[in-house]
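Read through the structure below, which is laid out as structure tokens, and then see the notes.
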Amino acid sequence: MAASPSQSPPSDHQQNQSSSSDDDETNTRRDADIRARDAFAKRLRERDDDQTKKKFKAEPVSHESDRSKLSVEELRKRSRHVYLKSRKEKKIDELEQELADEDYLFKGVKLTKREEEDIKLKRIALNLAREHDQAQQMENVDRYHMPTGKSDETSKNDRYREDNRYSDAKANGQSGQNFEQRKWEDEVIHTALPHFGSLDKDAKSKQPKYDYILDEEIQFVQQLTIPGVNEFLQQKEKSKLHEHEDENKRKYRTLLESRKTLPIYKFREDLMSAIRDHQVLIIEGETGSGKTTQLTQYLFEEGYCEADTEDEDEVEDGDDDDNIKLPDGKKKTKKKMMIGCTQPRRVAAMSVAARVAEEMNVKLGREVGYSIRFEDCSSERTIIKYMTDGMLLREFLGEPDLASYSVLIVDEAHERTLHTDILFGLVKDIARFRPKLKLLISSATLDAEKFSQFFDDAPIFRIPGRRFPVDIYYTKAPEADYVDAAVVTVLQIHVTQPLGDILVFLTGQEEIELANEMLLERTRKLGTKIKELIILPIYSTLPSDMQIRIFEPAPPGGRKVILATNIAETSLTIDGIHFVIDPGFCKQKTYNARNGMEALTITPISKASANQRAGRAGRVAPGKCFRLYTSWAYQHELDDNSIPEIQRTNLGNVVLLLKSLGINDLVNFDYMDPPPMETLRLAFEQLYALGALNHKVELTKLGRRMAEFPLDPMLSKTILASETYKCSAEILTIVSMLSVNNSIFFRPKDKTLLADTARQAFFVPGGDHITLLNVYNQWKDTNFSTQWCYENFIQFRSMNRARQVRDQLETLMERVEIEILSNPADTIGIRKSICAGFFYHTAKFSKNGMYKTIRHQQSVLIHPNSALFDQIPRYVIYFELVLTTKEYMRQVIEIENEWLRETAPHFYKTKKLDDDDKVKKMPKVLGKIKAELERNYS
DNA sequence: GAGCACTGC
């Protein structure tokens, strides 16, 4: 069924799809591309010529410095030049060779458009390099004038150089505004010179490291020349202020008009017919194409929400039953079908739903709604539903065939979240026995082919976006200290480039604070010589009021620079960004399945990520992206894509969920990229040990109850065990507090002592879990006060989140039929419950003064922030192992070893754990799992 | 005596 319409290869289909008008359009687009590229090449040449002229006059200076005594700096500089020169030659050779190879190998072969463009670009690059080379043979040319951070004596020479430059410019008849502007800028730079790089006195910073090579230009297609949607709306609203048209009507009409300006609008007919013809369609839509908001509306207008009468006979027996139950027995009361659209993030689901409701002129939560954790804003009448991907996954539990949906759109599929990856396998499966179900997978450019392959060669439909071109600059040589380099680049942009905000990507809070300080210090020294520069940090744990500041516009004549973590890569968009600085790193969580240890490590980003970052500069106007790594590094050292989450995360929860959906063979599940065998094995092993799976690897009753909770299986088990010890209320609190990742205690840098004292005041005997309980209960006693949090160095946001989680868990308790009982004094019962879920995470004090984990015999320490830090309990249970400066157990409680036997008799030997304590051997069934996994993965 | 990328259910 699914196969027949999609037999033609994707590219063919694409061509068939395009009508003659589209052909025209692609032609004009191509022409525009070529023109743009030519103009670009011309600009480059002109600039090079220009600079060659300028530098030509500077020659005597370099001779002069030749004669002077050679300093170490000078020697370094020279050796660097030699290196750069030889490196460049090598690169040019490589490029030449590559092109020659391509000529030879692909002669007469018809290449795809992309390949052709690739070759074309390489040719242009080569030509430019040659031209530049020729220019350099005349002179030792620095391609850009950049602040150099040289010491006073050399800067004098520099000034001489510059002065010559100006006389030269004047001689060429250059004058007027541009000239003055440049002169002014350069003066600013020169007065600034002694201060640049003054923080680090090492020679490195004194080198001309601020040279950028304009290596390539990413061609973001600028399809339409009309103004952006927002601008359009504003204009409309302003112009109609004095009209007497009905407010709502007017608003609706403007919305309708602005919908038509979206790039996707032109493709509507083709798109709809493609959806009619094919069950699965991959939609390759660039940002700004309008797909997320328009697609659902088009589908609705095409009647995809109408109850399908044919389906009634074929597969929808269940629904028939529902209808028969209706008292009137009306046939036509059959529920309308829904169009579902998943998003990876909550905010996106909410805001897009709100926008669509507005465009359709309905109240949000009725015909158009959204569903995210903690908030279901949809109703019986809802026909267009936006939701987070995890939410749809949960819906499978109640409706395994998703019968109430006629269309499913998986948006932002290229982000490859754990949940979308699982969804892929599931929706592909239900599409097989629900031929009427339409499946739309929407993704960014690069991965479309891969998605197509996964969905049995589903056709790809391409929709252009609306974006501005972004110039990409690379450094000539790798930067050792990217924070410093980023700071220097910020200042450089600030003094040399026209107004427009700067976005810097750093890896974490620490780097952001460091960069912030460096920038403050250096701008302070520059004083009023430079324009105003507002520095704004942003990362997820930053208090909300500070976060909001990044959206305030820069002061007139000034500029803002935003120092951000990865949060600015996808999660939030900031308007007005013209410049992006990308050092090329991010923090990633790594999990070592061998010893259960987690660590956050700084790793290079992927190409996809780098391009995403660059794209952030081209949202409102043409932009520039400065990459603090070399073009070679981009080409050869960065992976194409980031490793999908499914391959680097604990799968306990997912395995449990899939098991409860009746998917028994998880090894042969249809993964787009299968998870590592070791991770699956570990998940099975843990679930077996927790009693969620039996010896036949089937889901047990306990496992079914555990699956109800959106938690790690160990936490779910803890909750279920609290029934036995009659302390479910306390356990719910503890589990909720644990699930907001240790961001409860606030520790500002300038008040560490006060904060630590405040934290220690919460300590209670038993350990950290009980301490967390104490914190929550005290907060509750103040009626969840913000002020109390502030006074006690507690993060209100985290507490609020814990409260939300707790509320949700409490309602889920009804489903598993556990009464909520409170027994606050019985910390033994509380700790035994935790033991029942976390017996895997036991560590015993050993002779060497450290703890050893029972499972892996890993040497670990109690975290210094723990309530048990200066105590030495013989047995402890930990919540997690982290590798930071040392191997630490985080969130620890003291236990008695008898409790292990009591709470996990199948896991621990019945004898008392002693010096030679050993974990019971895993039964053979796990050996079987392992063998099966290995067979399937070989 | 330490140190916290980002999501999501």
Side-chain angles (χ1 to χ4, degrees), chain A residues 342-349 371-376 387-397 412 415-423 505-514 538-542 564-572 585-590 598-605 609 612 642 644-646 648-650 652-654 656-657 707-713 715-716 736 739-749 752-753 755-756 759-760 795 798 801 804-805 808-809 812 861-866 869-870 880 882-890:
Chain A
T342 72
Q343 294 290 324
R345 275 169 295 279
R346 297 160 50 91
V347 201
S371 170
I372 57 180
R373 190 186 184 183
F374 309 131
E375 201 182 339
D376 183 4
M387 63 201 123
T388 44
D389 44 15
M391 213 59 201
L392 184 62
L393 211 51
R394 285 268 144 191
E395 283 194 13
F396 270 94
L397 276 176
E412 313 282 357
E415 285 194 27
R416 304 291 308 275
T417 67
L418 175 61
H419 291 149
T420 36
D421 266 24
I422 300 294
L423 277 178
F505 283 100
L506 296 166
T507 68
Q509 182 181 348
E510 202 185 342
E511 278 179 19
I512 288 174
E513 280 167 1
L514 175 67
I538 175 98
Y539 44 87
S540 72
T541 50
L542 191 76
T565 58
N566 248 5
I567 195 170
E569 194 176 302
T570 47
S571 304
L572 55 89
F585 291 96
C586 70
K587 271 190 193 168
Q588 249 191 1
K589 198 170 179 174
T590 52
E598 287 174 351
L600 264 182
T601 43
I602 294 178
T603 45
I605 58 172
S609 208
Q612 172 75 20
S642 314
E645 195 181 359
I646 196 170
R648 54 185 166 86
T649 192
N650 181 313
N653 196 11
V654 167
L656 192 60
L657 183 83
E708 290 289 333
F709 294 94
L711 296 167
D712 184 279
L715 288 169
S716 310
S736 310
S739 56
V740 296
N741 38 4
N742 49 289
S743 53
I744 298 288
F745 297 104
F746 181 53
R747 200 165 179 273
K749 248 211 248 160
T752 50
L753 225 67
D756 287 347
R759 183 168 47 82
Q760 280 155 15
Q795 304 224 35
S798 303
R801 209 186 134 67
Q804 280 186 309
V805 174
Q808 188 196 23
L809 295 180
L812 289 174
L861 292 165
I862 294 180
H863 196 279
N865 279 357
S866 169
F869 177 62
D870 41 13
E880 59 186 353
V882 288
L883 173 69
T884 51
T885 49
K886 291 183 185 127
E887 290 92 350
Y888 285 114
M889 300 181 279
R890 228 162 22 194

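This is a predicted model, so every value here is computed, not measured. Lettering follows sequence order; numbering is per chain, from 1.
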For this session: For A:Arg416, answer base if it contacts any base atom (sugar-phosphate contacts may also be present), sugar-phosphate if it contacts only those atoms, and nothing otherwise; contact means non-hydrogen atoms under 4.0 Å.
Result: nothing
Problem set entry | Contacts of A:His419 that satisfy ring pair (Phe, Tyr, Trp, His ring centres under 6.0 Å) - sequence neighbours left out | none
Exercise. With a 4.0 Å cut-off on heavy atoms, is A:Asn566 in touch with a base, just the backbone sugar-phosphate, or nothing at all?
Worked result: nothing
Exercise. What is the nucleic acid contact for A:Lys589, judged by heavy atoms within less than 4.0 Å: base, sugar-phosphate only, or nothing?
Worked result: base
Exercise. With sugar-phosphate meaning primed atoms plus P, OP1 and OP2, does A:Thr507 contact a base, only sugar-phosphate, or nothing at under 4.0 Å between heavy atoms?
Worked result: sugar-phosphate
For this session: Report yes if at least one side-chain N or O of A:Thr565 is closer than 4.0 Å to OP1 or OP2 of B:dC6; otherwise report no.
Result: yes
Exercise. Is any side-chain heavy atom of A:Thr420 closer than 4.5 Å to a side-chain heavy atom of A:Glu412?
Worked result: no
For this session: Determine the contact category for A:Asp756: base if any of its heavy atoms lies under 4.0 Å from a base atom, sugar-phosphate if only primed atoms, P, OP1 or OP2 are that close, otherwise nothing.
Result: base
Problem set entry | Pair A:Glu598 + A:Lys589: basic N to acidic O under 4.0 Å | yes
Exercise. Reckon A:Arg373 touches a base, only the sugar-phosphate, or nothing at all at heavy-atom distances under 4.0 Å?
Worked result: base
Exercise. Atom CD of A:Glu510 and atom C1' of B:dA2: how far apart are they, to the nearest Å?
Worked result: 11 Å
For this session: Return the value, rounded to whole Å, for the distance between atom CD of A:Gln343 and atom P of B:dG8.
Result: 11 Å
For this session: May I ask you to verify if any side-chain N or O of A:Ser540 is less than 4.0 angstrom from the OP1 or OP2 atom of B:dA5?
Result: no
Exercise. Checking all strands, does A:Ser743 fall into the base, sugar-phosphate, or nothing category for heavy-atom contacts under 4.0 angstrom?
Worked result: nothing
For this session: Describe the nucleic acid contact of A:Gln509 in one word from base, sugar-phosphate, nothing, applying a heavy-atom distance below 4.0 Å.
Result: base
For this session: Assign A:Leu418 to base, sugar-phosphate, or nothing according to its heavy-atom contacts below 4.0 angstrom with the strands shown.
Result: nothing
Exercise. Any donor-acceptor pair under 3.5 Å linking the side chain of A:Glu511 with the backbone of A:Thr507?
Worked result: yes
Exercise. Of A:Ile538 and A:Leu711, whose nearest nucleotide on DNA chain B comes first from the 5' end?
Worked result: A:Ile538
Exercise. Which is true for A:Tyr539 with a 4.0 Å heavy-atom rule: it touches a base, it touches only sugar-phosphate, or it touches nothing?
Worked result: sugar-phosphate
Problem set entry | Residue A:Lys587, side-chain heavy atoms: nucleotide from B:dA2, B:dA5, B:dC6 that is nearest | B:dA5
Problem set entry | Heavy atoms of other groups near A:Glu510 CD, more than 12 under 6.0 Å | no
For this session: In whole angstrom, give the distance that lies between atom CZ of A:Arg345 and atom P of B:dG8.
Result: 7 Å
Problem set entry | Value in whole Å for how far the P atom of B:dA2 lies from CG of A:Leu600 | 17 Å
